[in-house]
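Each remark here refers to the structure printed beneath this line.
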Amino acid sequence: MLTGWSEMIENSMRILIAGAAGFLGSHLTDALIAEGHTVLGVDNLCTGSLENLKQLANEPRFEFRQQDICVPFDPGRLDYVFNFASPASPVDYTRLGVETLMVGSDGTRNMLEIARSSGARFLHASTSECYGDPLQHPQTEEYWGHVNPIGPRSVYDESKRFSEALVMAYHRYYGVNTRLVRIFNTYGPRLQKNDGRVISNFMIQALKGEDLTVYGEGAQTRSFCYVSDEIEGILRLSRSEEHLPVNIGNPVEWTILECAKAVIEVTQSSSKIAYQPLPQDDPTQRQPDISKAKKLLGWKPKVDLEEGLRLSLDYFRSTLVDRV
Ligand code: UDP
């Protein structure tokens, strides 16, 4: 088992982060820059935003390149590749269906080739969506999932499942030093305001005094991880030698209705609930079993939902002010 966090911080590395302008990619970039590494961030900006990287404008150890990872490119010598490039919210990946499938196939392959030719270590951002609408609850990493391969969510689910297969193949056949993190619902500052995700929708609706749009009866569950906890788990995994998938998420399970009530409470809003139809194939339950991460990485989340929502309030308030 790994011990102190500071003991795991290694000498300065040159790191490629694909999807650096996204929600998780930008927080990961900040964390690695803060540790003293040099980061080349690439993003085609199809869902990411340069606004998420503006704090690094004068940082000499950070370089940004607008680049679609489906197109091969030469990033120079690298020590580590983090592949976080993909549309990730149901609204975005439904709008960009084919692009989502291609970034998880051609894009992931290009990133793996870059790691292979540099001898760099590799970490791929996978997802709880690999479990689909799970029949096993909570979900352990051994569960193979229950996925509709042709439904509306299939462009994302199968893209991520194919990426996992590709990462394992590059590890087994070519000896690339890979890791797979299965990320569960994560929230916090920099979540896109219009991407339709539940926390961003509810926070913005509550702050505007509008009704909170609960889909179905709100009985479906999710487990929400605050972004700083998620990033710490990912960094710990990046320093481990575990090549099989590891769940990183907060295991406290909430119904969507409970989540709506928590948002109303934290924002002290007078908003009410408005029920809307449940989208097709919306998973009925989702909760990570994080025993493996606890044992292997000495990691568990620290921030509960109410605290995380409070920490996100200023950000969501700032999104209400129109930027010209
Ligand atoms: N949801 C909701 N109202 C919204 C947005 C989402 O009730 O305004 C529900 C959605 O149906 C799902 C859950 O919240 O059951 C989480 O949705 P999200 O899009 O955030 O991510 P998912 O976990 O489905 O990928």
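In listed order, ligands and their atoms are each counted from 1. The chain is numbered in sequence order, starting from 1. Atom set for the values below is all heavy atoms of this structure, side chains included, hydrogens, waters and symmetry mates excluded.
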Working for salt bridge (Lys or Arg N to Asp or Glu O under 4.0 Å), residues Arg197 and Asp92: CA-CA 10 Å; Arg197 281 196 178 111; Asp92 283 337; over 6 Å; no
Taking the inter-plane angle between the rings of [X] and [Y] on a 0 to 90° scale, is it parallel (under 30°), tilted (30 to 60°) or perpendicular (over 60°)?
| X | Y | result |
| --- | --- | --- |
| Tyr80 | Phe82 | parallel |
| Phe23 | His27 | perpendicular |
| Tyr143 | Tyr131 | parallel |

Enumerate the protein residues lying less than 4.0 Å from ligand 1, judged by heavy-atom distances, in chain and residue-number order. Pro90, Glu129, Arg153, Asn185, Gly196, Arg197, Val198, Asn201, Phe202, Thr213, Val214, Tyr215, Gln220, Arg222, Ile256, Pro279, Asp282, Arg286
About how many Å separate CZ of Phe184 and CZ of Phe224, when rounded to the nearest 0.5 Å? 12.5 Å
Tyr93: partners by ring pair (Phe, Tyr, Trp, His ring centres under 6.0 Å), with sequence neighbours left out: Tyr156
